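Here the structure comes first, spelled out in structure tokens, and everything after it is commentary.
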There are 2 protein chains.
Amino acid sequence: MSVDSPRTLSDQLFEKLQHAIVRGDLAAGMRLSEAELASRYGVSRGPLREAIHRLESRKLVVRTPHSGTKVVSLGQNELLDIYQIREVLEGLACRLAATKMSTSQIDQLYRLLESHQQQSDLQEGIAYFQQEGDLDFHYRIVTGSGNQRLIDTLCGELYHQIRMYRYQASTGGNRPVHAFNEHQHIVDALADGDGEMAELLMRRHIRTSRLRLEKTWNNSRSNPVSAVNKNNKTEERQETVL
Amino acid sequence: MSVDSPRTLSDQLFEKLQHAIVRGDLAAGMRLSEAELASRYGVSRGPLREAIHRLESRKLVVRTPHSGTKVVSLGQNELLDIYQIREVLEGLACRLAATKMSTSQIDQLYRLLESHQQQSDLQEGIAYFQQEGDLDFHYRIVTGSGNQRLIDTLCGELYHQIRMYRYQASTGGNRPVHAFNEHQHIVDALADGDGEMAELLMRRHIRTSRLRLEKTWNNSRSNPVSAVNKNNKTEERQETVL
DNA sequence: CTCTGGCTAATTGTTGACAATTGGCCTTCT
DNA sequence: AGAAGGCCAATTGTCAACAATTAGCCAGAG
């Protein structure tokens with residue numbers, strides 16, 4: 001029952017490039033040469049350009065006509081914008097999931113939390129898995145909302161950019177225990193079918209994360225060594241298509 | 001100061017096709033032949049395919065590999081999903097706009113409402129302009145939020161689909177007076193800088209619209225002549241890219 | 001009469017060559 | 001010496017031909 005491998009080269013390239021960008025193999029702000037990428041992946045420039053155009057719609061690359069395309073480099077303000085959106089969107093997802101998720105799906109959530117718990121017990125500092133596990137948790141709830149458009153927006157666009165940022169910033173100093181308890185309360189609310197409470201808890205959970213990011217950045221203001229991309233110099237503001 | 005005309009053919013095609021789809025010149029569910037479109041717009045298939053891939057990312061067309069691409073035809077459930085998202089997203093936009101919009105911007109909003117008022121006074125049944133004016137109102141508030149990502153998501157994706165639906169359904173029976181008052185109250189809250197109130201009012205405003213849509217559809221259940229796309233037979237469910 | 005199987009035509013996917021635009025470099029004039 | 005202007009290389013945008021896959025159709029067997 002494994003998923004049909006994406007058929008067209010353009011599709012495969014899109015996923016490969018997306019993955020490479022998220023993981024940082026194609027560094028943020030890096031210029032993408034069509035010729036080089038085409039030869040690297042062993043394809044022609046046609047499918048490659050199609051993939052690039054899709055990446056542009058997903059806001060993973062920025063393209064300037066006749067000049068070139070660069071991997072997007074999101075600054076702090078952009079990430080805060082994303083977190084604001086996440087807050088209301090995942091809140092909505094929780095409210096919907098509370099009435100739409102089956103008991104077995106919720107059981108899976110509990111089991112997921114258990115495995116996170118054990119990981120945290122065994123080893124305190126595994127930021128990497130913890131981070132991916134965190135998004136996995138959110139991913140499942142969003143999927144459980146049943147709102148396909150919501151799923152696409154969050155899992156198809158926003159999450160990739162958050163993961164991209166986490167890879168490049170390697171945000172240590174995550175708050176595993178704290179977040180774990182919040183996750184637990186959210187699932188409890190879901191199990192109770194209490195949509196309002198689940199929404200409230202999720203929004204507070206994400207808002208806390210956002211505030212923690214802001215706080216970290218404010219501290220690193222006096223500690224310029226770890227100051228990352230304050231005002232995002234490399235970005236050209238792209239205008240909105242009317 | 002007219003805007004630089006979009007440079008590449010791919011960009012121009014993207015906008016033209018988007019416009020054609022929204023206006024219904026390319027009917028919902030219609031199959032798009034690459035050869036025909038290419039000759040119609042006087043370009044080669046290369047740029048056309050790039051534009052199509054972007055339209056696919058924006059969810060305006062659905063593509064099945066090696067088979068063809070069709071204009072998306074959104075059913076009632078999809079539209080309800082969109083309205084749910086709109087509710088929380090525009091609520092957020094209002095909360096932000098309340099602190100970020102300048103007084104001159106808010107004055108512009110008041111003037112916009114006045115013009116709507118006059119249009120409503122002069123002629124009761126102009127659904128077309130009223131609808132476009134409605135989105136114009138929402139558009140300005142969202143723009144005033146200052147959250148670029150939010151602006152892109154709403155104005156670049158969701159609004160086009162809503163306009164598309166309105167064109168094809170020609171939803172008469174709009175509630176101009178009622179909506180007008182709600183708009184007025186929202187702007188009042190913005191003028192007061194009361195973000196919470198603005199958010200609340202906007203969410204209620206959109207929720208009311210959504211409920212009105214559901215009600216209309218339930219009525220037309222017994223009036224099958226005007227029943228539109230109940231369960232959206234033509235749509236293939238597209239799977240989410242992981 | 002229906003169902004299966006292969007074949008054919010039409011459409012999409014891919015490629016490599018060609019054209020157009022950009023940005024840097026060098027020359028030249030003030 | 002500095003700036004302005006034009007030239008050249010490199011990269012992107014576009015095109016038309018080629019290859020591969022799909023879907024419909026027709027024939028034939030059960």
Side-chain angles (χ1 to χ4, degrees), chain A residues 3-18 21 26-27 29-58 60-72 233-239 241, chain B residues 3-18 21 26-27 29-58 60-72 233-239 241:
Chain A
V3 71
D4 298 346
S5 73
R7 291 196 139 54
T8 117
L9 280 184
S10 174
D11 290 336
Q12 294 175 2
L13 266 181
F14 173 71
E15 293 192 10
K16 284 182 185 172
L17 289 176
Q18 180 174 248
I21 290 175
L26 297 173
M30 176 182 180
R31 183 192 148 84
L32 296 183
S33 162
E34 294 184 0
E36 188 209 337
L37 278 184
S39 73
R40 164 125 57 113
Y41 287 95
V43 297
S44 178
R45 277 178 53 216
L48 176 73
R49 284 176 60 87
E50 294 178 1
I52 286 181
H53 279 270
R54 284 164 66 174
L55 290 171
E56 187 198 12
S57 279
R58 298 289 192 85
L60 284 171
V61 301
V62 176
R63 187 176 62 91
T64 47
H66 295 100
S67 167
T69 77
K70 298 186 306 187
V71 177
V72 74
K233 309 152 198 172
T234 67
E235 168 166 350
E236 283 101 19
R237 175 64 66 203
Q238 48 193 338
E239 46 187 338
V241 178
Chain B
V3 72
D4 299 346
S5 73
R7 291 193 141 57
T8 113
L9 280 185
S10 174
D11 290 336
Q12 294 176 3
L13 267 180
F14 173 71
E15 292 192 11
K16 284 181 186 173
L17 289 177
Q18 181 174 246
I21 290 175
L26 296 174
M30 177 184 180
R31 183 192 149 86
L32 296 182
S33 162
E34 294 184 359
E36 186 209 338
L37 279 184
S39 73
R40 164 122 59 112
Y41 288 95
V43 297
S44 177
R45 279 178 51 216
L48 177 73
R49 283 176 61 87
E50 293 178 2
I52 286 181
H53 278 271
R54 284 164 66 174
L55 290 171
E56 187 198 11
S57 279
R58 297 291 190 86
L60 285 171
V61 301
V62 177
R63 188 177 61 91
T64 48
H66 295 100
S67 166
T69 77
K70 298 188 305 186
V71 177
V72 75
K233 309 154 198 171
T234 67
E235 168 165 349
E236 282 101 18
R237 175 62 68 201
Q238 46 192 339
E239 44 186 340
V241 178

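Proteins get letters first, then strands, A, B, ... in listed order; numbering begins at 1 in each. Heavy-atom basis, side chains included; hydrogens, waters and symmetry copies ignored. For clarity, every value in this text was computed on a predicted model and none was experimentally measured.
Here the P atom of nucleotide C:dT14 and the OH atom of A:Y41 are 16 Å apart, to the nearest Å. Atoms CZ (B:F14) and C1' (D:dG13) sit 18 Å apart, rounded to a whole Å. Residue B:L9 contributes atom CG, which lies 17 Å from atom P of D:dT12 at whole-angstrom precision. At whole-Å resolution of the value, CZ in A:R54 and P in C:dG13 are 11 Å apart. One interatomic measurement links the two molecules: CD of A:E50 to C1' of D:dC15, which rounds to 14 Å at whole-angstrom precision. In this structure, the CZ atom of B:R45 is 11 Å from the C1' atom of D:dA17, given to the nearest Å. Atom pair B:R49:CZ and C:dT11:P shows a separation of 14 Å (rounding to whole Å applied). As a whole-Å value, the separation of B:L48 CG from D:dC15 C1' is 13 Å.
Checked against A:R54 for a side-chain contact (heavy atoms from CB on, under 4.5 Å), the options A:D11, A:L13, A:V61 give a single hit: A:D11.
In terms of heavy-atom proximity, B:G29 sits nearest to B:K70 at O-CD, 3.9 Å. Taking both residues in full, the closest heavy atoms of A:R45 and A:A38 are given as CG-CB, 4.1 Å, listed atom of the first, atom of the second, then distance.
Annotation: side chain of A:T69 is not in contact with side chain of A:L55 (no heavy-atom distance under 4.5 Å). For the pair A:L9 and A:Y41, the minimum side-chain heavy-atom distance is 4.5 Å or more.
For B:R63, a side-chain nitrogen or oxygen approaches OP1 or OP2 of C:dG13 to under 4.0 Å. For A:T8, a side-chain nitrogen or oxygen approaches OP1 or OP2 of C:dT14 to under 4.0 Å. Proximity of A:S67 to the phosphate of D:dT11: no side-chain N or O atom is located under 4.0 Å from OP1 or OP2.
Using a 4.0 Å heavy-atom criterion, one finds that A:T69 contacts no nucleic acid atom at all. If you check every strand for non-hydrogen atoms under 4.0 Å, B:I52 touches nothing. Counting any heavy atom pair closer than 4.0 Å across all strands shown, A:S33 reaches sugar-phosphate atoms only and no base atom. In this structure, B:G46 reaches neither bases nor backbone, as no heavy-atom distance under 4.0 Å exists between it and the strands shown.
Remark on DNA chain C: of its neighbouring residues B:R31 and A:G42, the 5'-side contact belongs to B:R31, judged by nearest-heavy-atom nucleotide.
Nearest nucleotide to the side chain of A:E34, out of D:dG13, C:dT11, D:dC15: D:dG13. The side chain of B:H66 approaches D:dT22 more closely than any other nucleotide in the set D:dC15, D:dT14, D:dT22. Here the side chain of A:R7 is nearest to one of D:dT22, C:dG23, D:dC15, namely D:dT22.
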